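In what follows, a single structure is set out as structure tokens and then discussed.
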Amino acid sequence: MAEELNTTKDIIHEILTKDFNKQTVCGRFVPHALTVDQKITRVEHSKDFIGTTRRNLTYLESIVTGDEIWCFKYDPQGKRQSATWKSSGSLKSGQNVTDEYYAGVMERLWKTIVRVSSAGKLVMLHDNVPPKQVCVLQPPPCSPDLSPCDYVLFLKPKLTMKKTFYDIVGRVQEVITRICEVFPRNDLKESMLSLVECAQSCIDGEQV
């Protein structure tokens, strides 16, 4: 901006902050320390999960997992690139995605899964609004290490789309669809099998 207006960065900063009452907001996720209760919840969840897999040897095969991910026209590489200027009254991004809307999406998705699945009773591993009359395995809060979507599936689109600008939303959808279509099925299977190892690592880590 300073180069385009042929002025200094200090002057641009002063105009934005004083004249337009703007402030920088960083869009990157900032990790935080878990509380004692959250740690206890993670351990209890992991112990229950491991116990269930030992009692039911086909339990992992019955799990259907999913989650949502924000896909941007441009995903910056670093913290400074992710910062943006916002006014005090700026609307939050994605504000129109309500609980009711998301629940409807989940209902339609689950009906499709049940219709095409050849398995018996299914269990949904999901940390958001579940469809009605579904057995839900809900991971504890702030636990991406206990969600296959976070530690396997979402890494591919994030790395692929990093630092690439997409001019329209349709192009973002095309890229995500193509990534999902070619994603190795064996990797997805292994991610589910590794849930037991992740749960055990969680227990061991909290007990150190």
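The chain is numbered in sequence order, starting from 1. These numbers were taken from a predicted model, which means no experiment stands behind them. Side chains are part of it too, since the values below use all heavy atoms of this structure and drop only hydrogens, waters and symmetry mates.
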Inset, instruction - Would you check if Thr52 and Arg55 make a side-chain contact, meaning some heavy-atom pair closer than 4.5 Å? - result: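 Thr52 vs Arg55: side chains touch.
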Can you tell me how far [atom2] of [Y] sits from [atom1] of [X], rounded to the nearest 0.5 angstrom?
X      : Y      : atom1 : atom2 : answer
Arg42  : Ile40  : CZ    : CD1   : 12.5 Å
Asp187 : Glu190 : CG    : CD    : 8.0 Å
Cys202 : Lys39  : SG    : NZ    : 10.5 Å
Ile63  : Met192 : CD1   : CE    : 4.5 Å
Ile50  : Gln200 : CD1   : CD    : 4.5 Å
Ser46  : Asp204 : OG    : CG    : 9.5 Å

Inset, instruction - Indicate if Val196 and Ile203 have the same hydrophobic cluster label, given that clusters are the connected sets of ILVMFWY residues with side-chain heavy-atom separations under 4.5 angstrom. - result: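 Yes, because Val196 and Ile203 connect within a single hydrophobic cluster, where side-chain heavy atoms sit under 4.5 Å apart.
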Inset, instruction - Applying side-chain contact (heavy atoms from CB on, under 4.5 Å), run through Arg171 and Glu174 and close with a yes or a no. - result: CA-CA 5 Å; Arg171 178 58 180 155; Glu174 291 176 2; 3.4 Å; yes
Legend entry - Test side-chain contact (heavy atoms from CB on, under 4.5 Å) applied to Cys198 and Asp145, step by step: CA-CA 7 Å; Cys198 293; Asp145 57 327; 5.6 Å; no
Inset, instruction - Locate the shortest heavy-atom distance separating Phe49 from Leu60; write the atom from each residue and the value. - result: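 Of all heavy-atom pairs spanning Phe49 and Leu60, the closest is CZ-CD2, 3.6 Å.
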Inset, instruction - Without swapping roles, check the side chain of Thr65 against the backbone of Leu125 for a donor-acceptor pair under 3.5 Å. - result: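 It does hold such a pair.
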Legend entry - Side-chain (Glu61) to main-chain (Thr58) donor-acceptor, under 3.5 angstrom: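 The answer is no, because no donor-acceptor pair under 3.5 Å joins these two groups.
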Inset, instruction - Sorted by first residue and then second, give each side chain to side chain donor-acceptor pair (under 3.5 Å) pair with at least one member in residues 175-184; sequence neighbours left out. - result: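 Sorted result for residues 175-184: empty, none.
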